[in-house]
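Note sheet for the following structure.
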Amino acid sequence: MYIATSKQLKRYDRALLDYGYSIEELVDKASDCLIKHFHHYRKVMIVCGPGNNGADGISLGIKLFKEGKEVLLCYSGLPEKLSQANNYYVQQVDNLGIETLFLDEESLDEFQRRMNDYDVVVDALFGFGLNSDLRGIVKYVVDAINNTMENDVISIDIPTGLNPDTGNPYNSCICALQTITLTAYKLAFLNPDSSLYTGKISLELLDAKSFHEEMLFSQPIDYKWAKYHLKERVYDGHKGTYGKIIHVTGCYHYRGAALLASKAALYTGSGLVTVCSNEKVIDALSLYCPEATSMVRNTYLDEKVFHDKDALLLGSGLGLNEENEQLMCRLLKNIKIPTVIDGDALTILSKHLELLENHEGPWILTPHHGEFKRFVNFSNISEMIDQANVFAKKYHIILVLKGPHTFISDGYETYRIDSGNRGMSSAGMGDTLAGIISSFLGQGYLPKEAALLGTYLHGLCGDEVYKENYTVIASKVIEKIPMMMKKLKED
Ligand SMILES: NC(=O)C1=CN([C@@H]2O[C@H](COP(=O)(O)OP(=O)(O)OC[C@H]3O[C@@H](n4cnc5c(N)ncnc54)[C@H](O)[C@@H]3O)[C@@H](O)[C@H]2O)[C@H](O)CC1
Ligand SMILES: [K+]
């Protein structure tokens with residue numbers, strides 16, 4: 001199953017057309033996928049918009065009519081505004097003599113009255129092409145469909161009125177019993193609130209050439225994936241087997257960040273975690289996480305301390321000042337071990353893009369949306385995902401773009417993390433995630449695996465806490481790590 005943004009879906013359609021399919025052919029293939037969902041209905045009303053979503057509806061209506069169903073096609077688009085495919089199928093309908101109703105202010109009453117005569121109302125008004133509030137007659141039609149109690153409502157591709165990327169409704173939105181979505185899951189569906197509008201979602205793949213990977217549609221990372229990729233601990237392992245990592249994190253004002261990241265790394269199984277931080281952090285560390293070793297961070301930090309380390313975490317709660325900026329620039333320029341770059345180190349890096357251009361070791365960057373905006377510009381989620389892929393590819397890094405259903409890209413493949421919940425948007429959560437990823441990186445997982453597994457595990461632990469709590473705090477997430485790793489491996 002792949003997940004796609006509206007921009008990616010538009011590119012996908014363009015790729016199919018460039019490959020040689022005609023748009024009429026694609027609509028025909030779409031209705032071929034849809035028809036099996038209507039076998040148990042006898043009387044079908046299909047409400048069609050002006051674009052290709054509407055064309056899917058008309059093509060479906062033609063096929064159902066030919067099967068002997070009673071079909072009423074309701075059109076909302078002015079003839080001069082129809083898409084090419086829509087126009088084509090409207091003409092087919094005229095030749096076949098299927099009953100139609102043009103929706104306008106005068107026919108609205110008739111539409112509402114007649115709706116009750118049908119077993120199912122099919123929403124083919126707008127698909128992933130909708131990009132603003134519903135206007136004019138369409139808004140009334142959507143509200144009227146939502147008010148009917150007599151029949152099932154099935155949406156084609158996406159409920160009309162749902163933003164295909166955010167999963168939030170525009171000014172009105174169809175509440176469907178079922179949504180038959182084509183080609184890929186829409187990004188919108190990851191928003192749990194969208195289920196109110198989509199109802200049950202069925203995914204249908206067109207019988208056409210697949211471009212899912214070329215278009216960088218995201219693949220979900222789920223429990224099964226994590227179970228398969230989490231390595232067994234070996235019989236004769238010792239602390240060296242599980243990696244020596246170093247965290248350059250925390251400062252006087254943000255002591256917690258360093259503590260959370262180091263504890264998370266130890267709980268994830270690191271052999272040795274050294275925290276290089278402010279004296280106050282180190283005092284607290286001996287109580288909060290006595291298993292970690294420590295060193296005071298001086299202006300001059302001897303790079304030799306990194307030589308025997310397997311991975312490095314930079315930046316969580318580091319604090320922004322001239323001294324830290326110089327230190328980060330020096331380390332980012334010289335250190336070649338696998339590195340997680342988080343928090344304030346990201347802010348510093350965004351001011352020194354030349355370091356990104358020339359880095360040698362594998363880097364994992366863990367920005368949230370706001371931090372990513374310091375690197376690139378975007379105005380909506382679809383654009384952000386495109387930019388994230390370009391960024392990861394350009395700089396040869398793994399990007400962990402934190403947000404609801406964190407998105408991970410290496411520029412060639414993209415992933416969505418299936419775990420995590422809304423209770424987790426709280427302080428310290430990012431530090432915990434960075435700690436977990438640094439641990440996997442130090443244990444010898446490939447950078448992409450470390451990022452995927454770490455982010456999945458983080459969300460899974462958060463989900464475990466969320467089962468019994470309304471809010472989720474980072475310390476509680478950390479406490480769950482060893483237990484959830486055991487569960488993952490032994491379930
Ligand atoms: N590969 C596939 O999955 C295929 C899917 N298909 C279906 O095509 C639609 C998308 O079609 P498109 O014509 O691009 O968009 P819509 O039908 O959703 O919208 C038409 C058109 O309307 C304009 N518009 C946008 N917002 C508004 C608004 N608020 N009010 C009025 N008009 C608006 C905009 O110009 C849109 O382009 C997809 O969902 C599938 O159902 C095809 O079958 C091909 C293969
Ligand atoms: K629709």
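First listed ligand is number 1; within each ligand, the first listed atom is number 1. Worth knowing before you read on, the calculation uses all heavy atoms, side chains too, and leaves out hydrogens, waters and symmetry mates. Model, not experiment: these values are computed from the prediction.
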Practice problem: Answer yes when Lys486 and Asp491 have at least one side-chain N-carboxylate O distance shorter than 4.0 Å, and no when they do not. | Solution: no
Quiz item: So which heavy atom in the protein is nearest atom 21 (C) of ligand 1, and how far is it from that ligand atom?
Solution: Phe126 CE2, 4.3 Å
Quiz item: Which residue supplies the protein heavy atom nearest to atom 31 (C) of ligand 1, what is that atom called, and how far is it?
Solution: Arg135 NH2, 3.4 Å
Self-check item: Sidechain N-carboxylate O distance under 4.0 Å for Lys394, Glu357
Solution: no
Quiz item: Any salt bridge between Arg11 and Asp386, counting N to O under 4.0 Å?
Solution: yes
Quiz item: So, are Asp342 and Lys402 salt-bridged, with charged N and O less than 4.0 Å apart?
Solution: yes
Quiz item: Among protein heavy atoms, which sits nearest to atom 45 (C) of ligand 1, and what does the distance come to when rounded to 0.1 Å?
Solution: Asp13 OD1, 3.6 Å
Quiz item: Is it true that Lys448 and Asp410 have a side-chain N and a carboxylate O under 4.0 angstrom from each other?
Solution: yes
Practice problem: Answer yes if the ring centres of Tyr2 and Tyr185 are under 6.0 angstrom apart, and no otherwise. | Solution: no
Quiz item: Is atom 13 (O) of ligand 1 less than 4.0 angstrom from some protein heavy atom?
Solution: yes
Self-check item: Asp133 and Lys139 ion-paired at < 4.0 Å
Solution: no
Practice problem: Tell me whether Thr179 has at least one N, O or S atom under 3.4 Å from the K ion (ligand 2). | Solution: no
Quiz item: Within the stated cut-off of 3.4 Å, is an N/O/S atom of Leu125 closer than that to the K ion (ligand 2)?
Solution: no
Quiz item: Charged N to carboxylate O under 4.0 angstrom, Glu464 versus Lys476?
Solution: no
Quiz item: Between Tyr12 and ligand 1, is there a nitrogen or oxygen pair with a distance under 3.5 Å?
Solution: no
Practice problem: Give the numbers and elements of all ligand 1 atoms closer than 4.0 Å to a heavy atom of Leu130. | Solution: 18 (O), 25 (C), 26 (N), 27 (C), 28 (C), 29 (N)
Quiz prompt | Heavy atoms of other groups near Gln84 CD, more than 12 under 6.0 Å | solution = no
Exercise. Using the K ion (ligand 2) as the apex, give the angle to atoms OD2 (Asp123) and O (Phe126), rounded to 10 degrees.
Key: 120°
Exercise. Please write down residue, atom name and distance for the protein heavy atom closest to atom 39 (O) of ligand 1.
Key: Asp157 OD2, 2.5 Å
Quiz prompt | Element-labelled atoms of ligand 1 that are located less than 4.0 Å from some non-hydrogen atom of Ser132 | solution = 28 (C), 29 (N)
Practice problem: Please determine if the K ion (ligand 2) has an N/O/S atom from Ile158 lying under 3.4 Å away. | Solution: yes
Quiz prompt | Shortest protein heavy-atom distance from atom 9 (C) of ligand 1, along with the residue and atom involved | solution = Asn53 N, 3.6 Å
Quiz item: Near Asp133, which atoms of ligand 1 are under 4.0 Å from a heavy atom of that residue?
Solution: 29 (N)
Exercise. Can you pull out the closest protein heavy atom to atom 6 (N) of ligand 1? Residue, atom name and distance to 0.1 Å, please.
Key: Asp56 OD2, 3.7 Å
Quiz item: What's the spacing between Ile46 CD1 and Asp56 CG if we round to 0.5 Å?
Solution: 10.5 Å
Self-check item: Protein residue, atom and distance nearest to atom 15 (O) of ligand 1, heavy-atom basis
Solution: Gly129 CA, 3.4 Å
Quiz prompt | Within-cut-off N or O pair, Gly127 and ligand 1, under 3.5 Å | solution = yes
Practice problem: Give yes or no for whether the N/O distance cutoff of 3.5 Å, strictly under, is met between Ala30 and ligand 1. | Solution: no
Exercise. Taking only Lys NZ, Arg NE, NH1 and NH2, and the carboxylate oxygens of Asp or Glu, determine whether Lys227 and Asp222 approach each other closer than 4.0 Å.
Key: no
Exercise. Report the relative orientation of the aromatic rings in Phe372 and Phe378; use parallel for angles under 30°, tilted for 30 to 60°, perpendicular for over 60°.
Key: parallel
Quiz item: Among protein heavy atoms, which lies nearest atom 3 (O) of ligand 1, and at what distance?
Solution: Thr183 OG1, 2.7 Å
Quiz item: Which atoms of ligand 1 are found less than 4.0 Å from any heavy atom of Val27?
Solution: 43 (O)
